[in-house]
Amino acid sequence: MPLIIKNLSISIGKREILLDESVGIADGSKVGLIGRNGAGKTTFLKAVLGQVDYSGKIEYNGKAAHFSQHIDLDPHKTVRETLGESAATHHQITSGKELQEIEKQLSDLNVHKDSAKVDKLTARYLELQAKSQGHSEPASRAKPVLQTLGIEDSWLGQKVGSLSTGQRAIIALAQILSSDAGLLLLDEPTNHLDFRRLDILENYLRQFKGTVVMVTHDRYFLDRVCDSILKMEKGKWIKYNGNYSAYVKTRNAAFAAQKTAYELENKYLAAERDKIARIGKSPQKVAQGKYRERLLEKREIVEKPDMDRSNFKTRFEASPIQSPVVLELSGLYVGYTKPLISDINLNIGSDQRVILIGENGVGKSTLFKTIEGRVPPLSGEVILDPQAKLGYADQELKGLAGSATLYDEIYAMLKDMPKTRQHLSMVGFVSDDEVFKPISKLSFGEKSRLNLLKVLIGKPNILLLDEPTNHLDIDAREIIESAFLSYDGAIFAVSHDRFFINKIAQRTLKVADGAIVEMKR
């Protein structure tokens, strides 16, 4: 179904998210919605669903289904019970209005004098009814989706709360994809998925007949799925045809052209003002100079080009360590009632960057929680060097106090105002509006940057990072990736971000069949 946006304005407090913006998204389009953390991408999706106030018009016919980056499933229900429920779908009001209008026309006896018109109205009425009601039961639609996503029978009897974050994401996606919605609004659907599910989701969305608007910062995913990119920046939209790579090429070319035009215009203005300054002081010359000045004032202003990029510089410091090995795992078994990963024997060098991959639910996060001490080992040893300082960043961002501001959170650790502002600026929080914003008002990407800063303040020399690029916008990912490359300590990270892995990994380990194996490079 097409999605039509007309003169849309959205504000949060005094901040304008969008101002009088219009765009049309054709039926069957796959649109990547991108922009800096906090630009308002999630807020826009909520506006489409009618969950935030806005002015203007948002029009589509039929049903929309929404995947939220905050996976909100009842932890006490089983997977089977959860999958038996339909995903919440949202009905566009315009469908109901059109149905009412057709009913009104069909009740008019004069309309029935034109049989062709009656046939056309009846066909349209049936079409709208089918879209609003659906034809099949959730269970019948869900079965092929469950098979496609690789949801195993062993999951069905488990409580949702016992699943890994990635498994919960798969269940939430299964609900959305098995709905009869013709418009899918997907907010960071790739964050917690393993490589196999990423491929499955990419293929599914490419073949999906309906319309998809997705917020994601996964550069491979944007390239493989999207046929257009919608960039949100400074309260405006810019739409680009093609995938992410095409967007980058077009945007860079436009920036270069704008930069050249700006430089030429400034060169011309400087030359003209120099002529005016040297024109002389006789009445005739003064009049001529004023005429030239009026001509300059009437010229159309050439704006200075701005790429609207996250533009902060950061460097991660590590405490010194003498040993070549910072972490040793010896005969380690991790899990809860039974092992998820068995007999782990592994050394991490004090300056190595090691990436751990594997399917959702195989125990990667449990391993990290065991190393950090949150989960006791079933057997075996976790041996940290005496000089080791461990920094752990989990993927669920649960350690952030919602009522505090960013400044409060970091000042409580540093007890120094200048250092607090300096450290916040290192992860892109510079202005007073950003620094004194309540944490509860932050986007997930902003929370992710704050969480990483809290870990790094202690100058750890081994970082345990569970999906560290989740939620970060593309610019922030690239800045932080560069900081990791110059970091002097060890990095042990779980990730399915293919760009990140290719850029960072010196060693890649994989969890498979309950064991850890080293991948050949």
Legend entry - Atom of G445, atom of L472 and distance for their closest heavy-atom approach: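 Of all heavy-atom pairs spanning G445 and L472, the closest is O-CD2, 3.7 Å.
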Whether [Y] and [X] form a salt bridge (side-chain N of Lys/Arg under 4.0 Å from carboxylate O of Asp/Glu) is what I want to check.
X    : Y    : answer
D394 : R374 : yes
E359 : R197 : yes
D218 : R224 : no
K46  : D187 : no
E467 : R477 : no
E409 : K454 : yes
E16  : K234 : no
R36  : E446 : no
E233 : R251 : yes

N/O donor-acceptor pair under 3.5 Å between [X] side chain and [Y] backbone:
X    : Y    : answer
S179 : Q175 : no
N37  : H471 : yes
K419 : L414 : no
H496 : G358 : yes
D343 : G331 : no
R353 : Q506 : no
S29  : V31  : no

Legend entry - Whether over 12 other heavy atoms sit under 6.0 Å from K503 NZ: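 Yes - once you tally the heavy atoms of other residues, nucleotides and ligands closer than 6.0 Å, there are more than 12.
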Inset, instruction - Taking the six-membered ring for Trp and the full ring for Phe, Tyr or His, determine whether the centres of Y244 and Y220 are under 6.0 Å apart. - result: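 Judged by ring-centre distance (under 6.0 Å), Y244 and Y220 do not meet the cut-off.
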So, taking the atom named [atom1] in [X] and the one named [atom2] in [Y], what distance separates them when rounded to the nearest 0.5 Å?
X    : Y    : atom1 : atom2 : result
K441 : I439 : NZ    : CD1   : 13.0 Å
L327 : I383 : CG    : CD1   : 9.0 Å
L406 : R449 : CG    : CZ    : 9.0 Å

Inset, instruction - Find out whether L332 and L378 are in side-chain contact, i.e. whether some heavy atom of one side chain is under 4.5 Å from a heavy atom of the other. - result: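 L332 vs L378: side chains apart.
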Inset, instruction - Establish, from distance only, whether the side-chain atoms of T469 and D497 form a donor-acceptor pair under 3.5 Å. - result: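 Short answer, yes.
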Legend entry - Any residue meeting ring pair (Phe, Tyr, Trp, His ring centres under 6.0 Å) with Y240, in chain and number order, not counting sequence neighbours: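 Once residues adjacent in sequence are excluded, the partners of Y240 under the ring pair (Phe, Tyr, Trp, His ring centres under 6.0 Å) criterion are Y247.
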Legend entry - Residues in ring pair (Phe, Tyr, Trp, His ring centres under 6.0 Å) contact with F44, at least two apart in sequence or another chain: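 By the ring pair (Phe, Tyr, Trp, His ring centres under 6.0 Å) rule, F44 matches W237.
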